[in-house]
Amino acid sequence: GGGALLRGLPEAAEQILSMPVRLGAPHGGLVSAAEELLTPPYATAMGLLLYPSRSEGKSRPEGQARKKPAWKRKLRAFFEDLL
């Protein structure tokens with residue numbers, strides 16, 4: 001998230017974890033997203049929006065349509081309105 005942008009945090013994380021660290025940003029499936037939303041502060045929210053699409057290709061028993069809960073539809077609509 002946005003805390004990753006704190007000065008010196010990646011270096012401190014590398015030192016504490018004794019492994020390479022890099023800043024992550026949302027990507028893939030977000031072609032129409034505003035550039036501001038493709039930054040670390042929005043990584044978690046955008047990842048949560050993308051997560052269901054990762055399993056959409058998996059088969060479901062016949063007759064079981066996948067309907068997103070209302071809170072997911074509202075959250076997605078909120079971010080789409082920002083575009």
Side-chain angles (χ1 to χ4, degrees):
L5 298 176
L6 291 172
R7 188 173 1 120
L9 188 63
E11 294 80 9
E14 279 189 0
Q15 187 176 25
I16 292 168
L17 300 172
S18 298
M19 58 187 341
V21 173
R22 67 178 179 85
L23 290 179
H27 67 282
L30 298 170
V31 176
S32 63
E35 193 167 326
E36 178 185 343
L37 298 178
L38 300 177
T39 59
Y42 296 98
T44 301
M46 297 304 276
L48 288 172
L49 291 173
L50 286 174
Y51 182 75
S53 68
R54 293 181 62 176
S55 61
E56 281 181 2
K58 297 180 181 171
S59 62
R60 303 181 70 69
E62 193 171 324
Q64 287 188 355
R66 183 179 184 132
K67 184 176 180 184
K68 294 180 183 168
W71 69 268
K72 285 185 181 179
R73 291 191 306 268
K74 289 177 183 178
L75 183 63
R76 184 174 193 98
F78 170 79
F79 281 105
E80 287 175 349
D81 286 347
L82 293 176
L83 299 177

- Task: Look at the side chain of Glu14 and the backbone N and O of Met19, then say whether any donor-acceptor pair between them is shorter than 3.5 Å.
- Result: no
Residues passing the side chain to side chain contact (heavy atoms under 4.5 Å, CB included) test with Leu48, sequence neighbours excluded, are Thr44
Taken in chain and number order and not counting sequence neighbours, the residues that satisfy side chain to side chain contact (heavy atoms under 4.5 Å, CB included) with Leu9 are Leu6
All heavy atoms of Leu23 vs all of Pro10, minimum pair found to be CD2-CG, 4.2 Å
### Query
Would a hydrophobic clustering, with Ile, Leu, Val, Met, Phe, Trp and Tyr connected at side-chain separations under 4.5 Å, put Leu5 with Tyr42?
no
Within 6.0 Å of CD in Gln15, more than 12 heavy atoms from elsewhere
no
Only one of Lys74, Glu80, Arg73 passes side chain to side chain contact (heavy atoms under 4.5 Å, CB included) with Arg76, and that residue is Glu80
